[in-house]
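Everything on this sheet refers to the single structure shown next.
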Number of protein chains: 2
Amino acid sequence: MRSEASTEGVTVGLNAVIVAVTEGVPRILSVPWQGADEDSDSTREALPFGLLDPMRDRTLELGLRRWVEEQTDLSLGYVEQLYTFGDRDREPPGERQGRRALSIGYLALVKESQVGGGGRWRDWYSFFPWEDRREGPPTLIANSVQPALARWVEGSADSGERRNRRERADIAFGLGGARWDGERALDRYELLYEAGLVGEARRDRVVGQAQEGLEAEGQSEWPNPIPGRSLCLDHRRILATALGRLRGKIRYRPVIFELLPREFTLLQLQRVVESLAGVGLHKQNFRRLVAHAGLVEGTGKQTVHTGGRPAELFRFRREVLHERPAPGVGLPEMPEPAATRGGGLDSAYALH
Amino acid sequence: MRSEASTEGVTVGLNAVIVAVTEGVPRILSVPWQGADEDSDSTREALPFGLLDPMRDRTLELGLRRWVEEQTDLSLGYVEQLYTFGDRDREPPGERQGRRALSIGYLALVKESQVGGGGRWRDWYSFFPWEDRREGPPTLIANSVQPALARWVEGSADSGERRNRRERADIAFGLGGARWDGERALDRYELLYEAGLVGEARRDRVVGQAQEGLEAEGQSEWPNPIPGRSLCLDHRRILATALGRLRGKIRYRPVIFELLPREFTLLQLQRVVESLAGVGLHKQNFRRLVAHAGLVEGTGKQTVHTGGRPAELFRFRREVLHERPAPGVGLPEMPEPAATRGGGLDSAYALH
DNA sequence: ACCCTTATTCTCTATTTGAGCATAATTGAA
DNA sequence: TTCAATTATGCTCAAATAGAGAATAAGGGT
């Protein structure tokens, strides 16, 4: 059961989403990019990446660590493989040079203290403004995303396809009575890509999956993109994958402490969780949750106060790994967002 | 920030873990294997796999579907990418032919009706006998795994390393007061591999990460492997990844219905969940859970009875995707396994 | 002393779990 | 026909968890 095929000319790129949280802002490291993208300045930026050296790197993760440490002065703590992307059509035409490119995305977490002046630490939400709901659902969704998606839904001639699109849009963005699910960050980005609502789609000549009514190459017909910084190649897709994965992970593994100093206040911890989850949390209940779950333990020490009563310093409690099968900060199911209710796109269904 | 490296000679294999559940037994499809493994018959079997044809396959997943459908008469429903493996040292020496092999693992779910006579549908737990706890913790753990791991722990000269090993073993296998976590199937397999307790380790000449006291090549010193069917290359590792991932997934996405006919009884549903999760569930509470969560809805129809009172037929309720952010069967945290308590390996800690 | 800010403790209620008892509807055997 | 076995389904009760917020504590500044 082996099919013989020419696998020559495959290039393996290792891409790192390197995350840190500073002052409540989740940030990722980006680097300049001198590729052949024809698009504007916004895509002249990339995730740090390098090629796998098959003769040198014993494992993929070691390869990643090698050149991250060669090229930055970061020391990566937690590293996790995310996904391998290899769509032929997800590269800009200028980049395709006869060889097929795979990119393996990695998620790496570093502590705030590692955020130096060197690289560009971009606010993660500058790439996905619709993902930050700490202050409630962003107006961007009601003002831009929802109408644009509605147009995309209506843009299909086939009524079954319209239902399908409406369903996907509702579930991804929590419209029409559906609830917002922070972990679906990739679904949301992919949907916008398919609908031609992000710059990369235009660059790749994506025509929203049989986007009837629009000419494939009729560039004047492209809808206005939703705001949000682009990246070269498929790097914003990798970034969305990382966001969704990390949001899921913090719920059942104590990875959040990789982003914090050894000792921290509960509010610091809460802010880091909130910044990644993209939702605001109830302070007293959050405290009860992490304390009761045995995730943290108090050191006797106190902070030098910054504003109010001094807070106790806590540290991660390693023993929790013994006690619970899935120790994490178990985010609440967010309260129903009053804002976007009702005006949704309505429903149908398609799995995947 | 691109490092130039020779990426020639990389081969991309697409591997499928194709899962079905029949009569309460979770099964995966395997195929014969004529590779250069020197080991015994047990490794002459493989996951179905094929090579990516970079010129032909537009996406990785399409490539996978192409040759699965070419080579079997299965129609894959749900397909999900698992992980990309590329350790140089995880292939048997005979297989390394100058080129580096990456394997991208996929998980695919098919319905019971697809299980034909064609392939070999192996009981998933025949590869991982320690993972099936439906009848409580298997005696295999207390009888074989625990003592063998204890020897491995003691096999290190360095006391810090011993603590580290003990910690990992405890958490992975739920020993020493730690709780069993079904999703750590990969951790468990990797631990056994490192400890030289599975056949593949011997084949690959792994010396349990600085296994002092054993000669690297002194084959007579190898510990007896833990029972369980082997596979060629790193396929058992992919299989373990799939098991852990699927166990996690059924908790928050309704993928379980991909394995069931369109209409089913609640007991059928429960048996499928149990078979994958590897634990037994409380019947009445399971019923309450899935009904109350809105995951299923009754059709008026009844089964033709098989033994007792006829059961109502249910079907998956698509609308649940609108109502809950993470619809799944939310497994309970298993009751404390009375059997393995107390006799554990004791504790220390190491993240990851 | 009083106000502002943040921390921390508690209460109260509603919901979700865990466990098990009781009842219902079949089939097959006595 | 009646009973035993078997599976389905409904219901209860207590414990644990989650959501919301009041009340109190401990700092700084004016």
Side-chain angles (χ1 to χ4, degrees), chain A residues 23-24 179 251-252 263-271 273-274 277 279-314 323-338, chain B residues 23-24 136 179 251-252 263-271 273-274 277 279-314 320 323-338:
Chain A
E23 297 144 12
R179 304 190 62 174
R251 294 172 45 141
Y252 62 97
E263 301 188 340
F264 47 82
T265 67
L266 293 185
L267 186 60
Q268 271 181 284
L269 174 60
Q270 182 180 344
R271 291 288 178 242
V273 171
E274 288 174 332
V279 298
L281 301 174
H282 183 283
K283 186 169 174 175
Q284 295 97 318
N285 289 347
F286 181 81
R287 157 182 298 268
R288 178 178 63 186
L289 181 74
V290 295
H292 180 83
L295 269 180
V296 298
E297 64 191 353
T299 71
K301 294 176 252 176
Q302 304 237 314
T303 40
V304 282
H305 29 54
T306 25
R309 172 175 170 176
E312 185 172 5
L313 286 169
F314 288 77
E323 296 160 5
R324 328 201 115 217
V329 289
L331 303 171
E333 309 215 339
M334 273 311 287
E336 283 294 272
Chain B
E23 296 145 13
R179 305 191 61 174
R251 294 172 44 143
Y252 63 96
E263 300 189 342
F264 46 83
T265 68
L266 292 184
L267 186 59
Q268 273 181 281
L269 175 60
Q270 182 180 345
R271 291 290 178 241
V273 171
E274 287 174 334
V279 297
L281 300 174
H282 183 283
K283 186 169 172 175
Q284 296 95 318
N285 289 347
F286 181 80
R287 157 181 298 268
R288 179 177 62 187
L289 181 75
V290 295
H292 180 83
L295 269 180
V296 299
E297 63 190 355
T299 70
K301 293 175 251 176
Q302 303 237 316
T303 40
V304 282
H305 28 55
T306 25
R309 171 174 172 177
E312 186 173 4
L313 286 169
F314 289 78
V320 74
E323 295 159 8
R324 327 201 115 216
V329 289
L331 303 172
E333 310 214 340
M334 273 311 287
E336 283 293 272

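Note: CZ (B:R288) to C1' (D:dT12) measures 10 Å, nearest angstrom. Computed from coordinates, the A:Q268 CD to C:dA7 C1' distance equals 14 Å when rounded to whole Å. Going from atom CG of B:L289 over to atom P of D:dG10 covers 15 Å, rounded to whole Å. Taking atom CG of A:L269 as the reference point, atom C1' of C:dA7 lies 15 Å away to the nearest angstrom. If you take CZ of B:F286 and P of C:dG20, they are 19 Å apart, rounded to a whole angstrom. Regarding B:R287, its CZ atom lies at a distance of 14 Å from the P atom of D:dT7, rounded to whole Å.
A donor-acceptor pair under 3.5 Å is formed between the side chain of A:E274 and the backbone N or O of A:L281. The backbone N or O of B:L313 lies less than 3.5 Å from a partner atom in the side chain of B:T299, making a donor-acceptor pair.
Nearest heavy-atom pair, A:P310 versus A:T303, reported as atom, atom and distance to 0.1 Å: CB-O, 3.6 Å.
Annotation: of the two residues near DNA chain C, B:H292 and A:F314, the 5′-most nearest-nucleotide partner is A:F314.
Here A:Q268 contributes atom CD and A:E23 contributes atom CD; the two are 11.5 Å apart, rounded to the nearest 0.5 Å. Atoms OG1 and CD, on A:T265 and A:E312 in that order, are 10.5 Å from each other to the nearest 0.5 Å.
A salt bridge links B:E263 with B:K301: at least one charged nitrogen is closer than 4.0 Å to a carboxylate oxygen.
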Could you write nucleotides 21-28 of chain D as a row of B, S and -, 5' to 3', where a protein heavy atom under 4.0 Å of any base atom gives B, of only sugar-phosphate atoms gives S, and otherwise -? BB--BBBS
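Using a 4.0 Å heavy-atom criterion, one finds that B:L266 contacts no nucleic acid atom at all.
In the set D:dT7, D:dT9, C:dA7, C:dA7 carries the atom at the smallest distance from any side-chain atom of A:L267.
Between B:K283 and D:dT7, a side-chain N or O to OP1/OP2 separation shorter than 4.0 Å is absent.
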